[in-house]
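Reading through the structure tokens given below for one structure.
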Amino acid sequence: MSKQPHVLHRYARGYWLYGSRLRASQWKSADEILADQRRKLRALLQVAACVPYYRALGVGPDSELKDIPILHKETVRAHLDQFRNPHHPRSGVFEDHTSGSTGKPLRFLLTADQKAYEMAYSIRFWRWAGYRTGDRIAAFRSYIPAARHDPLWKLDRHTQTLFFSVYDMTPANLRRYVEQFNRYRPQFVRGYPSSIFIFAQFAAAEGLAVHTPRAVLTSSETLSSEMRAVIERTLQCPVFDWWGTNERVVTACQCEQRGAYHVNAEGGILELVPVADTERGGACMKHRDDVLMEESASHRPAVTSTVYRMIGTGLINHAMPLIRYDLGDLALPAAKPCPCGRGLPVIGGILGRSDDLIVTGEGKFIPPVRFYTLFETHGQIRQFQVVQTAPNAVTVRLVPTRELTDVELTGLRQKLHRFLGETVAVEFAIVDEIKPEPSGKVRTVIAHAPR
Ligand SMILES: [Zn+2]
């Protein structure tokens, strides 16, 4: 097993891959991209035929992707050795793991080629947002003050990045964050959408002038349309969102059109599979009424659409192939191609983690992003967290900007009942703050585990 490649080495390989291939391949036709994926898939299936887990399933070069069963994280965790390719050279292979912020971490193997692809995708994404090497960046992630007296922000001169702690976003500190942000005048902002949203919302509520960067790049959490609206209005610049998981099987991100998400298809295949078609156990899955009711402004059902799981196949990693791997997130298909003209396939939107999908006792499916729409349009609610305590009971923790009246709480309860169902008991808990997980991410929905 090799050591992780040095960051400069990764940059060099990533830039080479971007410049030599991925800058051009994004403009190939959808058919050409599909043909390239098919070629890479055949090679992967050939490799998989020697990997114990896939060999036992009878997977070979002529297998059809749709015939291979969906692979769950738990299976990989329990049988890690079964997924290693015994013929892959040990050099250029690195062990990595998921953050385990909401569960046990998962170990897996990555290759240098895979790392180069990731770097090249990032470079491409940043170019879509207009980034040029050397631009100043403000980051709302990755920095944890280790000791009590450590500074709340820290400048990394190599990357021209000013990191703000996302663990200390109190009103008093946020005022200082805004001052520091304005002094640094970043051209780009990157980080967790929830943290950048809190920063922007605070500045707007306090009437503070904020420096306008060229763009905001969000990742690692679901970006709701409300978060996007507040950030874009306050910072007066576009938000570009990136979707990916630690396992790096496949990723997707927004181009300058900022509507649909382009799948980075040169190194991965993304399938959207209806929730009800996938096995998760639990009697409620029998109901098949996995219909998400999007409501119009008048609160009448306007659009109905099915919730899909994101299932990924990594085409580059031959040291530990992950085929039809459940990436743990929910999405909607795109209604039409992206007008930018790139041939990279698109998905319509990200609905949040499937572990955060609330399934009620009646078998109703409520994706996490649905709650954002409800709470974030309420000006009096700074933060919220929905905890499903039993199949038919939720506790909603609220951080209000001022005391909520009984009429406001009753109105909220009615709206919650409308999409959870009347039989679900709703309790409110008013709290001072909702702390982020050790990873820095805020969990807005915690679904009842055994279902
Ligand atoms: Zn596009």
Side-chain angles (χ1 to χ4, degrees), residues 26 30-31 33-34 36-38 40-41 44 63-73 75 121 219-225 241-255 257-280 285 287-294 303-315 321-340 342-359 364-370 372 445 447:
Q26 63 183 314
D31 286 346
I33 291 171
L34 195 61
D36 175 54
Q37 282 185 323
R38 288 212 178 106
K40 287 173 178 161
L41 179 63
L44 181 81
S63 298
E64 288 294 331
L65 194 56
K66 64 176 173 41
D67 295 336
I68 301 173
I70 288 173
L71 173 62
H72 296 286
K73 191 175 286 201
T75 309
Y121 295 146
S219 60
S220 308
E221 287 174 346
T222 311
L223 171 77
S224 67
S225 48
D241 193 36
W242 166 279
W243 169 83
T245 67
N246 289 67
E247 296 93 325
R248 281 88 150 201
V249 175
V250 61
T251 52
C253 49
Q254 292 184 308
C255 69
Q257 296 289 331
R258 295 178 296 114
Y261 289 69
H262 284 284
V263 178
N264 290 311
E266 294 93 338
I269 296 173
L270 181 69
E271 293 173 80
L272 299 187
V273 177
V275 166
D277 290 356
T278 53
E279 288 291 326
R280 268 188 73 104
M285 298 306 282
H287 291 267
R288 294 187 60 96
D289 60 344
D290 56 327
V291 172
L292 161 70
M293 307 293 278
E294 292 281 352
V303 184
T304 56
S305 46
T306 303
V307 184
Y308 292 79
R309 286 188 196 288
M310 301 172 88
I311 307 295
T313 297
L315 297 170
L322 291 177
I323 302 172
R324 301 202 84 207
Y325 180 74
D326 185 345
L327 292 152
D329 280 315
L330 303 167
L332 288 177
K336 53 182 184 332
C338 183
C340 71
R342 290 179 181 87
L344 297 172
V346 283
I347 50 173
I350 315 287
L351 298 177
R353 290 162 42 83
S354 48
D355 281 351
D356 299 345
L357 177 73
I358 285 192
V359 185
K364 274 187 128 182
F365 291 74
I366 300 113
V369 79
R370 193 69 189 79
Y372 301 174
V445 177

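All figures in this text were calculated on a predicted structure; none of them were measured in a lab.
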On a heavy-atom basis, which atom in Leu44 and which in Pro321 lie closest, and how many Å separate them? CD1-CB, 3.9 Å

Can you list every pair that meets salt bridge (charged side-chain N to carboxylate O under 4.0 Å, His left out) and has a residue in residues 242-251, with sequence neighbours left out? Lys73-Glu247, Asp96-Arg248, Glu118-Arg248

Do the non-hydrogen side-chain atoms of Met310 and Leu330 ever get within less than 4.5 Å of each other? no

Could you check whether any side-chain N or O of Gln37 sits under 3.5 Å from a backbone N or O of Glu266, counting only pairs where one atom can act as donor and the other as acceptor? no

Test item: Thr313 and Leu65 side chains (from C-beta on) under 4.5 Å apart, heavy atoms: yes

The side-chain contact (heavy atoms from CB on, under 4.5 Å) partner of Gln26 among Asn264, Leu344, Ile33 is Leu344

Shortest non-hydrogen contact from Arg324 toward Pro69: CB-O, 4.1 Å

Beyond-backbone contact of His262 with Gln254, side-chain heavy atoms, under 4.5 angstrom: no

Mind checking what makes side chain to side chain donor-acceptor pair (under 3.5 Å) contact with Asp329, not counting sequence neighbours? Trp243

Do Leu332 and Leu351 have side chains that approach each other closer than 4.5 Å (heavy atoms only, starting at C-beta)? yes

d(Leu270 CG, Thr251 OG1) to nearest 0.5 Å is 9.5 Å

Distance col, row Leu357:CG vs Ile366:CD1, nearest 0.5 angstrom, shows 8.0 Å

Quick check: do Leu327 and Val250 have side-chain heavy atoms less than 4.5 Å from each other? yes

Please round to the nearest 0.5 Å and tell me the distance separating atom NZ of Lys66 and atom CD1 of Ile311. 16.0 Å

Which heavy atom of Gly352 sits nearest to which heavy atom of Pro368, and what is that distance? CA-CG, 3.7 Å

Any donor and acceptor pair, going by atom type alone, linking the side chain of Ser224 with main-chain N or O of Tyr372 inside 3.5 Å? no

Over all atoms of both residues, closest heavy-atom pair of Gly268 and Tyr121: N-OH, 4.4 Å

Partners meeting side chain to side chain donor-acceptor pair (under 3.5 Å) with Thr222 (sequence neighbours left out): none

Search all heavy atoms of Tyr308 against all heavy atoms of Pro274 and return the closest pair with its distance. CD2-N, 3.5 Å

To the nearest 0.5 Å, what is the distance between SG (Cys340) and CD (Gln257)? 6.0 Å

Donor-acceptor contact present, side-chain Tyr261 to main-chain Ala334, <3.5 Å: no

Heavy-atom distance under 4.5 Å between the side chains of Ile347 and Leu272, does that happen here? yes

Answer whether the closest heavy-atom distance between the side chains of Ile269 and Leu315 falls below 4.5 Å. yes

